[in-house]
Amino acid sequence: MALRAALRNKCGLSGLLSQWSSCSSHGRVCVSPVLVSQQRNNSTSPKIKVDVDQSSGVAVMHMQSPPVNSLSLDFLTEFCISVEKLEMDKSCRGLIITSSQPKVFSAGLDIMEMYGKSPERCGEFWRAVQEMWLKMYSSNMVTIAAINGSSPAGGCLMSLTCDYRIMADNPRYSIGLNETQLGIVAPFWFKDTMTNTVGHRTTEIALELGLLYSPAEALKIGLVDQLVPEDQVLTTATQTMTKWLAIPDHARQITKSMMRKPIIDKLTSNREADIQNFVSFITKDSIQKSLRMYLEMLKKRKG
Ligand code: CO8
């Protein structure tokens, strides 16, 4: 609830953090009882399971929200709490994100959060999406996406926030920012994150056509960094993490910040306007109609 409230107001997680810091004493941060139980090495919330290896300082976050790890407000809230806790834990230097769901890393934003909802709820949802992106894209930890299934739209965005992407080499999986296929438009920070990864021209084509790439195609354009057999995704991520953690943290962190800060600043200074844009766009009748048609298509495809 505390996080939901923080997400709802302007200061977001940084506000929540400053509230925590303000009650710190003797160098220890005082947190609410709800959060204390999650300060163990390993924690499980309904939708997220985190295993921390104390000896290596690496956390593995398993997304476990059936059927497809769609990014609902509840999911994003739990996700942000988990990342925030790890970020505050000085012994944790690396984070691997993966899925417990078969065949799917994440289906992206929960479409039901954007369909038939009040403007207030849409605004709250979008603030949580922004928060997820800001937390991940600016993380001090080494972050690796272990993509063990399909990863469209918001799932692709989440993996793009990471420092490195390893995907299962299974041609049935796909990854990409397919927003235009739903009749919606990826906002500037989705676009900028992809441009930073694969370049302007590739992003322009990918976004206009809403392209979903097979793992082999994604590797070719640099959307993912490495393909491995499905059963080796997590072990490869762990091995890769060791390599990244061999670099002194401060040097790596400053370099990461140098590469990413311009986009982060752009969203940070435009958060409210971005929320307003999203709310007025997504609540339009024509956009709601597109979403309904897309949902029907998903159901039909299943049938
Ligand atoms: N949100 C909500 N429900 C979803 C979503 C989703 N993103 N994706 C799938 N589901 C539901 C399905 O409708 C189905 O529901 P039910 O069981 O009730 O029929 C259930 O999850 C299982 O889905 P499938 O049977 O399709 O599962 P598969 O394993 O066969 O396929 C896929 C998994 C590949 C992930 C497939 O479900 C899929 O392609 N889903 C759609 C993914 C998608 O297009 N996501 C885009 C979301 S929009 C986004 O992330 C960015 C928006 C930016 C907004 C900007 C506006 C300004």
Side-chain angles (χ1 to χ4, degrees), residues 47 63-76 79 99-117 119 121-133 136 147-161 167-168 170-194 203 206-215 218 230 267 270-303:
K47 298 174 193 307
M63 299 185 284
Q64 49 178 28
S65 183
V68 290
N69 288 331
S70 62
L71 309 179
S72 63
L73 180 55
D74 283 348
F75 182 98
L76 289 164
F79 183 90
S99 166
S100 298
Q101 300 313 125
K103 301 188 292 179
V104 182
F105 178 73
S106 164
L109 303 194
D110 192 319
I111 299 168
M112 299 314 293
E113 294 281 10
M114 300 184 280
Y115 181 67
K117 293 287 189 289
R121 170 77 186 200
C122 289
E124 191 180 0
F125 172 63
W126 197 246
R127 190 180 296 283
V129 180
Q130 290 178 335
E131 197 66 40
M132 178 274 287
W133 182 83
M136 286 299 296
I147 310 167
N148 51 348
S150 286
S151 195
C156 176
L157 179 77
M158 180 188 276
S159 63
L160 283 172
T161 62
M167 189 167 187
N170 182 335
R172 281 180 307 162
Y173 299 158
S174 63
I175 183 167
L177 295 180
N178 61 323
E179 279 78 358
T180 54
Q181 290 194 31
L182 287 75
I184 56 179
V185 180
F188 72 88
W189 40 287
F190 284 46
K191 178 263 297 174
D192 287 345
T193 313
M194 181 145 176
T203 301
L207 291 194
E208 285 194 36
L209 296 176
L211 293 181
L212 286 171
Y213 297 92
S214 69
E230 193 150 353
L267 179 60
N270 285 295
R271 271 189 93 164
E272 298 310 314
D274 184 60
I275 292 170
Q276 287 315 312
N277 279 343
F278 171 76
V279 173
S280 62
F281 179 81
I282 212 72
T283 53
K284 278 188 205 319
D285 286 347
S286 56
I287 302 304
Q288 289 290 304
K289 191 175 161 204
S290 292
L291 289 177
R292 191 180 65 239
M293 284 163 58
Y294 189 76
L295 283 164
E296 281 164 9
M297 183 279 289
L298 277 180
K299 293 249 177 277
K300 262 194 215 140
R301 199 177 63 180
K302 195 175 179 182

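Just follow the structure's listing: the first ligand is 1, and inside any ligand the first atom is 1. Only heavy atoms go into these numbers, but all of them, side chains included; no hydrogens, no water, no symmetry mates.
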Checking the N or O distance criterion of under 3.5 Å, is ligand 1 in contact with [X]?
X: I111; answer: yes
X: A107; answer: yes
X: Y294; answer: yes
X: S150; answer: no
X: G154; answer: yes

ask   = In this structure, are over 12 heavy atoms from other groups packed under 6.0 Å from M293 atom CE?
value =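 It does not: M293 CE has 12 such atoms or fewer within range.
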query = Should we count NZ of K103 as having more than 12 external heavy atoms under 6.0 Å?
reply =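 Atom NZ in K103 is not packed in, count stays at 12 or less.
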inquiry  = Quick check on atom 45 (N) of ligand 1 - does any protein heavy atom sit closer than 4.0 Å to it?
reply    = yes
query = With a 4.0 Å cut-off, strictly under, does atom 24 (P) of ligand 1 pick up any protein heavy atom?
reply = no
ask   = Among K299, R172, R301, which one has a heavy atom closest to atom 15 (O) of ligand 1?
value =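 Closest candidate by heavy-atom distance is K299.
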ask   = Below 4.5 Å, heavy atoms only, C-beta onward: do V129 and F278 meet side chain to side chain?
value = no
ask   = For A186, is the nearest heavy atom under 4.0 Å from an atom of ligand 1?
value =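 Distance cut 4.0 Å: A186 fails for ligand 1.
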Protein contact to [atom] [nearest heavy atom, distance to 0.1 Å]:
atom: atom 12 (C) of ligand 1; result: L298 CD1, 4.5 Å
atom: atom 7 (N) of ligand 1; result: L109 O, 3.0 Å
atom: atom 55 (C) of ligand 1; result: V185 O, 3.2 Å

ask   = Between S159 and I147, which heavy-atom pair has the shortest distance, and what is it?
value =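 Shortest heavy-atom contact: CB-CD1, 3.8 Å.
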query = Between the side chains of S70 and D110, is a donor N or O closer than 3.5 angstrom to an acceptor N or O?
reply = yes
